[in-house]
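A quick note: this is a predicted structure, and the numbers were derived from the prediction, not measured.
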Amino acid sequence: MEKISAVVITKNEELNIEACLRSISFADEIIVVDAASNDRTVEIAKRFTKKIFIRKWDNYANQKNFGIDRTRNRWVLSIDADERASFGFRQEIERLKYDKDGYLLPLKNYFLGRWLKRGGQYPDHHLRLFKKNQGRFLFNGRQVHEGVYLKTKNTGRTTSGLDHYSYTNIYSYFRKFNNYTYLDALGRFESGETPSYYGLFFRPVHRLFKWYVFKLGLLDGVHGLVFHTFSAFYYFICELKLFEYYEFKTGELKWRR
C-alpha cells in the first residue's frame with residue numbers, strides 16, 4: 001500500500017470533524033487546514049494530528065491546495081469534514097494497484113435520514129485520491145463546486161468511497177444552501193456574468209425534470225422529491241442573488257433573455 005496524506009479543510013466543524021478523522025485513521029499523515037474556527041474544531045482535531053494550520057479563508061480551492069502543499073507523501077486523499085471514508089474503501093485501498101495518476105471515488109449522499117440512490121446521487125463520482133505532483137484543485141472563478149485538475153487522463157475508479165453526511169436536517173441544509181448560493185452568485189458576478197431569464201426559469205425546471213424524472217430520482221420517494229425540488233430551487237435563488245449583486249454593487253442591471 002502506498003503512503004497517503006489526507007487533507008481536510010474546516011470551518012466550525014465540531015459536530016463532524018471527529019467522525020471524519022476517525023474514518024481516515026489509516027492515512028500515514030493527516031493535514032487539517034482550519035479557517036479560524038470559533039468552536040471546538042481545532043481542539044478535537046488535535047486528538048488525531050499535530051499538523052493543523054490556521055489560514056484565513058479565501059476560497060475552497062486555495063484552502064485545499066494550501067493543505068496539499070504541506071503534505072509529505074506521494075498520494076493525497078482530499079476529504080471534506082462532513083464526509084467519512086467507508087469501511088469498504090478502507091479495505092480497498094490496501095489492495096489498490098496505484099497504477100493510475102488519480103482515482104474517482106463514489107460518494108453516497110445522506111439526506112434527511114436516508115441514503116439517496118437515484119437521480120445522479122449514487123454513485124456520485126469525484127476525483128479525490130491522486131498523486132500530489134499530478135493534481136491540483138482548480139479555482140476557475142467560482143467560489144464553490146471546485147474540482148481537481150489532473151495533468152493526465154490516467155484515472156481509475158474505486159468500487160467503494162466516501163459517505164457524505166452534508167444534509168442531516170432541514171436547518172443544516174438551508175444553512176449551507178444560503179452560503180453556497182451567495183458564493184455561487186459572487187463567483188459569477190466577479191466573472192462578469194449577468195442574470196438571465198433562462199437561468200431564472202428554465203434552468204431550475206430543466207434540472208428538476210432531468211434528475212428527478214429522467215434520472216429516476218422519483219424512485220427515492222418523498223426524500224427524492226424534496227431533494228430535487230430543493231436542488232432546482234438552488235438555481236432559481238442563485239440567479240436572484242446574482243441580480244442582487246448587480247443591483248447593489250453597480251446600480252444597474254441588464255437581463256439577458
Side-chain angles (χ1 to χ4, degrees), residues 4 6-27 44 60 64 77-96 102-130 144-148 155-181 184 204 206-235 237:
I4 295 174
V7 176
V8 187
I9 66 170
T10 58
K11 173 68 175 180
N12 295 334
E13 292 285 357
E14 66 178 4
L15 298 180
N16 288 311
I17 192 62
E18 180 172 359
C20 173
L21 296 183
R22 283 191 186 281
S23 77
I24 55 173
S25 59
F26 60 84
I44 296 171
Y60 286 96
K64 293 181 178 182
L77 171 67
S78 176
I79 181 170
D80 293 340
D82 60 1
E83 296 171 345
R84 321 280 184 261
S86 69
F87 178 74
F89 176 70
R90 297 197 297 269
Q91 290 185 314
E92 186 172 354
I93 61 170
E94 293 181 359
R95 59 178 184 271
L96 199 64
Y103 289 89
L104 290 98
L105 278 54
L107 270 68
K108 278 200 310 181
N109 293 298
Y110 189 78
F111 180 72
L112 306 184
R114 177 173 175 174
W115 294 106
L116 298 178
K117 299 178 181 179
R118 302 284 185 164
Q121 294 306 299
Y122 186 80
D124 183 17
H125 286 94
H126 293 262
L127 184 60
R128 295 295 193 86
L129 181 64
F130 52 91
V144 291
H145 309 308
E146 74 292 343
V148 177
T155 61
R157 293 191 176 192
T158 61
T159 56
S160 301
L162 306 177
D163 297 335
H164 187 204
Y165 290 89
S166 185
Y167 309 121
T168 55
N169 54 53
I170 294 292
Y171 173 80
S172 67
Y173 181 92
F174 278 102
R175 183 181 62 179
K176 291 188 176 182
F177 181 100
N178 189 48
N179 184 42
Y180 287 178
T181 49
D184 195 310
H206 177 263
R207 201 273 174 216
L208 182 63
F209 273 87
K210 178 179 179 181
W211 298 104
Y212 180 67
V213 179
F214 297 113
K215 296 292 184 178
L216 300 180
L218 54 88
L219 296 182
D220 278 321
V222 174
H223 286 74
L225 175 62
V226 174
F227 177 82
H228 291 287
T229 300
F230 284 177
S231 297
F233 190 56
Y234 177 95
Y235 286 103
I237 295 300

Could you tell me which non-hydrogen atom of [X] sits nearest to which non-hydrogen atom of [Y], and how far apart they are?
X	Y	value
P106	Y122	CB-CE1, 4.4 Å
V8	I17	CG1-CD1, 4.2 Å
L77	L105	CD1-CD2, 4.0 Å
I79	A85	CD1-N, 3.9 Å
H228	R118	NE2-O, 4.4 Å
Y60	I9	CD2-CD1, 3.8 Å

(message) Do T181 and D184 pair up side chain to side chain, a donor and an acceptor below 3.5 Å, judged on atom types alone?
(response) no
(message) Given 3.5 Å as the limit, does a donor-acceptor pair link the side chain of E92 with the main chain of S160, or not?
(response) yes
(request) Ignoring hydrogens and angles, tell me if any N or O in the side chain of E18 forms a donor-acceptor pair with the backbone of I44 under 3.5 Å. (result) no
Beyond-backbone contact of [X] with [Y], side-chain heavy atoms, under 4.5 angstrom:
X	Y	value
L116	Y167	no
I24	F26	yes
F111	V226	yes
L219	K117	no

Nearest-0.5 Å distance that lies between atom [atom1] in [X] and atom [atom2] in [Y]:
X	Y	atom1	atom2	result
L208	K210	CG	NZ	13.0 Å
L96	Q91	CG	CD	13.5 Å
L127	Y103	CG	OH	11.5 Å
L225	Y212	CG	OH	4.5 Å
S172	L112	OG	CG	7.5 Å
Y180	R175	OH	CZ	9.5 Å

(message) Is it the case that the ring center of F230 lies less than 6.0 angstrom away from the ring center of F227?
(response)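 Judged by ring-centre distance (under 6.0 Å), F227 and F230 do not meet the cut-off.
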(request) Could you give me the CA-CA distance, side-chain angles and deciding distance for I93 and T158, then say whether side chain to side chain contact (heavy atoms under 4.5 Å, CB included) is met? (result) CA-CA 8 Å; I93 61 170; T158 61; 5.7 Å; no
(message) Please enumerate all residues that pass side chain to side chain contact (heavy atoms under 4.5 Å, CB included) together with P204, with sequence neighbours excluded.
(response)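 Side chain to side chain contact (heavy atoms under 4.5 Å, CB included) list for P204, sorted by chain: A232, Y235, F236.
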(message) I'd like to check the side chain to side chain donor-acceptor pair (under 3.5 Å) partners of D163; sequence neighbours left out, ordered by chain and number.
(response)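 With neighbours one apart ignored, the set is empty.
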(request) Please indicate whether F209 has more than 12 foreign heavy atoms, meaning atoms of other residues, nucleotides or ligands, lying under 6.0 Å from its CZ. (result)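 No, not enclosed.
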(message) Take a 6.0 Å sphere around NZ of K215 and say whether it holds more than 12 heavy atoms from other residues, nucleotides or ligands.
(response)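 Open.
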(request) Sorted by first residue and then second, give each side-chain hydrogen bond (donor to acceptor under 3.5 Å, both in side chains) pair with at least one member in residues 80-90; sequence neighbours left out. (result) N16-R84, K64-D80, D82-H164, D82-S166, D82-K176, E83-R128
